[in-house]
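The block underneath contains the structure these notes are about, expressed in structure tokens.
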Amino acid sequence: MRASEDPVSEANPVREEILRWLAESVPLERQSIEALLDVPPSAQMGDYVLPCFALASELKRPPAEIASELAGGFVPNDRVLRAAAAGPYLNFFVNRPLMTSHVLRQVHELGADYGKADSGAGKNVVIDYSSPNIAKHLGVHHLRSALIGRSLYRIFEALGYNCVGINHLGDWGTSFGKLIAAFERYGDVEAESATVSQLQELYVRFSREADQRPELQDQARRAFQRLEGGEAGATELWKRFKATSVTEFERIYRMLGISFDSYAPESFYLEMTDEVLRRMKQSGLARESEDALIVPLDDYGLPPYMLRKADETTLYATRDICAAEYRWRKYRFHLALYVVGGEQELYFRQLKKVLELMGHQWAERVEHVGFGLLKFRDAETGLLRTGSTRQGEMIPLEEVLRSGVEKARQKIRENLDKLEGGADPDELAAQVGIGAVVFSDLSVKRAKDVVFDWDRMLDFEGDTGPYVQYAHARLCSIMRKAGEEVSPEADCEPLQLPEEWALVRLLERFPSRLRAAAEGREPSMIANYLLELCAQFSAYYSAGMREAQRRVLCGDEATRAARLLLVSAVRHTIRNGLALLGVAAPERM
RNA sequence: GCGCCGGUAGCUCAGUGGAUAGAGCAUCGGAUUUCUAAUCCGACGGUCGGGGGUUCGAGUCCCCCCCGGCGUGCCA
């Protein structure tokens, strides 16, 4: 790729000019100046600001004095019109049309690439997300990992990284021993035709009975031993569970538009466990304790890491080591993200430490991206609790998605007269209904616990996915009505409204928000940015409804051309942001 | 006990060391001959859990405490 084709935004010339002048006027490194240069809280105060406190301690003089002296020495030019001190702050007033035209042209040129960068070129990021256990329905509580993981995938991809999305299917472990034992005990379900619902019922039924009769636990353990031993009957059953489950999972992933580059499940790593266990014993890392095999981690203030249970079977921890090594061998990752609930924070610290002790210098690239728990308000007690699949309390994800789609369908029916030709109501209902669910999940910082709430999840008004989609649809509508090409050559001088300037400032910020979202592994930063941008646009748009002069498609040709360029840039940015979240951007609604 | 995460308006949340702490929901009042009212405008609403500290400046960083959640060797 030639440099000129890199999807990277060019530096803002106005900001560059301020930085250049500051670099010669102030005894600070360019880097620290860049870190200090900020945007004032209100546009009346100025367009950029340098707080002079850091300089004050450097120069041992009062900050207000420095600010006013700097302001006095500033030479206006075509990019920066004025510098003024306001107490300890040095405010800059820029050539707004110049910066506006820079930003708008940039967005127009880059289009779907606006915000992207190539800083990750040549680096692989492995992202482990969703990773549900088989033989159970996907529940709402499975949503977060899948959505956060998919969004991080898109975010890193936008920064030029090559991403590998892995669904580390939970297809191995004692719970499948339980299920096999249940099949054999009850014998009333046909393995060939068993649905996920039936598997789940069997599991719950067996668990309940096992609470009364502890000997069933032993039966389950033995069944898992047979499975790990490769016994044909047990293996055959297990293969059935898996095929049925994956079919159902994929149906739901399709609704969400989620996909994976690899489905390598836990069982994929079984063949590697013996070698790993041997190696760890030989190196003295692992040792027998209470009949189990563990890696003691007392020296690091961590509980021991268990590799093999007293009953000789392995656990997830064993397979996770194999998986990490395998992923390193195969992908040589720059970063390996595990998008898994925050409750496993300690476990991932152990895993990372063990990998490090094994001599893998890449252990530092392994990172747990945790997120808060999904909780449910108990209808009777009013108390919060986590859902337990074991007791059969779970809200199926598919049901939530379908409810969203159904609610959107109703709303569309009410507004059918508004819907211009060319829109497919069914497709739109899916886009909006599922968009609402996805956005509501991703708009909250991932560390927060969330309480499941039908109404909030399926809300279409206020700070929601449909709100953003609606703004986008309105933008598309303006573009359609304009019936003309957006001209990147349009003169931006007519964009004099404060609302227009506010939009430009927001657009300019998008690339850095994208970077910050990647650094913080935080898709909510994109969601909240979009809400801010849409709020600003909606206010602008509504002003146009009240006053014809403020409309985009106004009488004055030059103003109209400039506004179209602005509006087109807003539309591109909203669409790009929604794509990062995995939310559809319908053109009519 | 120890560890991790959270505590900001009645509710749900933004705010990643800077000027007067912001949204949405709810409540109340307005806006639709107009580029889509899934919208907009206004009002009401705050000891940023408490206390110390660092700093020119703390919701933001550090320490202690309180509350809630989660985790803390044979599940994943």
Side-chain angles (χ1 to χ4, degrees), chain A residues 36 38 40-42 45 49 51-54 56-57 62-63 86-89 131-133 170 172-175 178 266 289-294 301-306 308-311 313 315-317 319-320 340-347 349 370-373 375 384 386 390 408 411-412 414-415 418-420 432 436 440 443-445 447-451 453 455-456 459-464 466-467 469-471 473-475 477-482 516 519-520 522 524-525 527-528 531-532 535 538-548 551-554 563 567 588-589:
Chain A
L36 285 170
D38 205 352
S42 108
M45 295 173 173
V49 60
C52 296
F53 305 104
S57 51
Y89 295 97
S131 305
N133 291 335
W172 207 253
T174 26
S175 61
K178 258 189 188 176
E266 274 196 71
S289 162
E290 299 171 29
D291 294 328
L293 187 69
I294 62 158
L302 293 168
Y305 190 85
M306 185 170 294
R308 204 197 56 227
K309 296 180 283 179
D311 67 6
T313 59
L315 344 86
Y316 60 100
R319 298 181 290 272
D320 272 346
V340 179
E343 67 276 11
Q344 294 193 43
E345 186 266 347
L346 178 59
Y347 167 68
R349 255 169 50 208
F371 52 85
L373 235 48
K375 300 192 174 168
L384 291 180
T386 56
R390 198 171 162 281
K411 180 82 186 168
I412 291 164
E414 288 167 26
N415 294 346
K418 273 180 20 181
L419 202 62
E420 302 166 43
V432 172
S440 83
S443 59
V444 178
K445 259 197 317 206
K448 291 229 183 203
D449 287 349
V450 296
V451 179
D453 183 330
D455 291 340
R456 199 167 305 124
D459 197 1
F460 294 169
E461 287 165 22
D463 284 351
T464 65
Y467 172 80
Q469 291 174 318
Y470 187 66
R474 281 171 141 185
L475 283 156
S477 174
I478 294 175
M479 314 286 291
R480 276 195 305 272
K481 294 229 156 87
E519 275 166 34
E522 193 62 273
S524 69
M525 293 184 74
N528 286 301
L531 288 173
E532 206 179 330
S538 296
Y540 175 59
Y541 181 92
S542 299
M545 294 296 271
R546 290 189 297 273
E547 211 179 324
R551 291 166 64 170
V552 173
L553 305 179
C554 61
R563 287 181 179 166
V567 146
R588 305 163 203 261
M589 66 186 276

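Bear in mind that the values here come from a model prediction, so they are computed numbers and not experimental data. Chain letters run A, B, ... following the sequence lines, proteins first and then strands; every chain starts at 1.
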Between the protein and nucleotides 31-35 of chain B, which nitrogen or oxygen pairs are less than 3.5 angstrom apart?
{"unit_1": "B:C35", "atom_1": "O5'", "unit_2": "A:R551", "atom_2": "NH2", "d": "3.2"}
{"unit_1": "B:C35", "atom_1": "O4'", "unit_2": "A:R551", "atom_2": "NH2", "d": "3.2"}
{"unit_1": "B:C35", "atom_1": "O3'", "unit_2": "A:K481", "atom_2": "NZ", "d": "3.4"}
{"unit_1": "B:C35", "atom_1": "O2'", "unit_2": "A:Y541", "atom_2": "OH", "d": "3.3"}
{"unit_1": "B:C35", "atom_1": "O2", "unit_2": "A:L553", "atom_2": "N", "d": "3.2"}
{"unit_1": "B:C35", "atom_1": "N3", "unit_2": "A:V552", "atom_2": "N", "d": "2.8"}
{"unit_1": "B:C35", "atom_1": "N4", "unit_2": "A:Y541", "atom_2": "O", "d": "3.2"}

Pairs under 3.5 angstrom, nitrogen or oxygen only, protein versus nucleotides 23-27 of chain B, please.
{"unit_1": "B:A23", "atom_1": "O2'", "unit_2": "A:D463", "atom_2": "OD2", "d": "3.0"}
{"unit_1": "B:G24", "atom_1": "O4'", "unit_2": "A:D463", "atom_2": "OD2", "d": "3.1"}
{"unit_1": "B:G24", "atom_1": "O2'", "unit_2": "A:D463", "atom_2": "N", "d": "3.3"}

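On the C1' atoms, B:G51 is 36 Å away from B:A43, given to the nearest whole Å. B:G17 and B:G42 have their C1' atoms separated by 34 Å, with the value rounded to a whole Å.
Rounded to an integer number of Å, the gap from OH of A:Y89 to C1' of B:U20 is 11 Å. For the pair A:M589 CE and B:A37 C1', the computed distance is 12 Å after rounding to whole Å. The separation between A:I412 atom CD1 and B:U36 atom P is 17 Å, rounded to whole Å. Atom-to-atom, CG of A:D38 to P of B:U16 comes out at 10 Å; the value is rounded to the nearest Å. Summarising the geometry, the separation between CE on A:M45 and C1' on B:G18 is reported as 11 Å, rounded to the nearest angstrom. Following rounding to the nearest Å, A:E532 (CD) and B:C13 (C1') show an atom-to-atom distance of 14 Å. As rounded to whole Å, 17 Å separates atom P of B:U12 from atom CG of A:N528.
Under the side-chain hydrogen bond (donor to acceptor under 3.5 Å, both in side chains) criterion, A:D459 pairs with no residue at all, not counting sequence neighbours. Taking A:R456 as the reference, A:D453 meet the side-chain hydrogen bond (donor to acceptor under 3.5 Å, both in side chains) condition, with sequence neighbours excluded.
Once the 5.5 Å centre distance and the 30° plane angle are applied, the aromatic ring of A:F53 is found stacked with the base of B:G18.
In this structure, CE in A:M306 is found 6.5 Å from CG in A:L315, a value given to the nearest 0.5 Å. Separation of atoms OH (A:Y470) and OH (A:Y541) is listed at 7.0 Å; rounding is to 0.5 Å.
Proximity of A:K445 to the phosphate of B:U16: no side-chain N or O atom is located under 4.0 Å from OP1 or OP2.
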Could you provide the dot-bracket string of RNA chain B, using ( ) for intrastrand pairs, [ ] for crossing pairs and | for bases paired to another strand, with Watson-Crick or G-U pairs below 3.5 Å? (((((((..((((....[...)))).(((((.......))))).....(((((..]....))))))))))))....
For nucleotides 69-76 of chain B, give me one character per nucleotide, 5' to 3': B if any protein heavy atom sits under 4.0 Å from the base, S if the only such contacts are to the sugar-phosphate, - if neither. SSSSBBSB
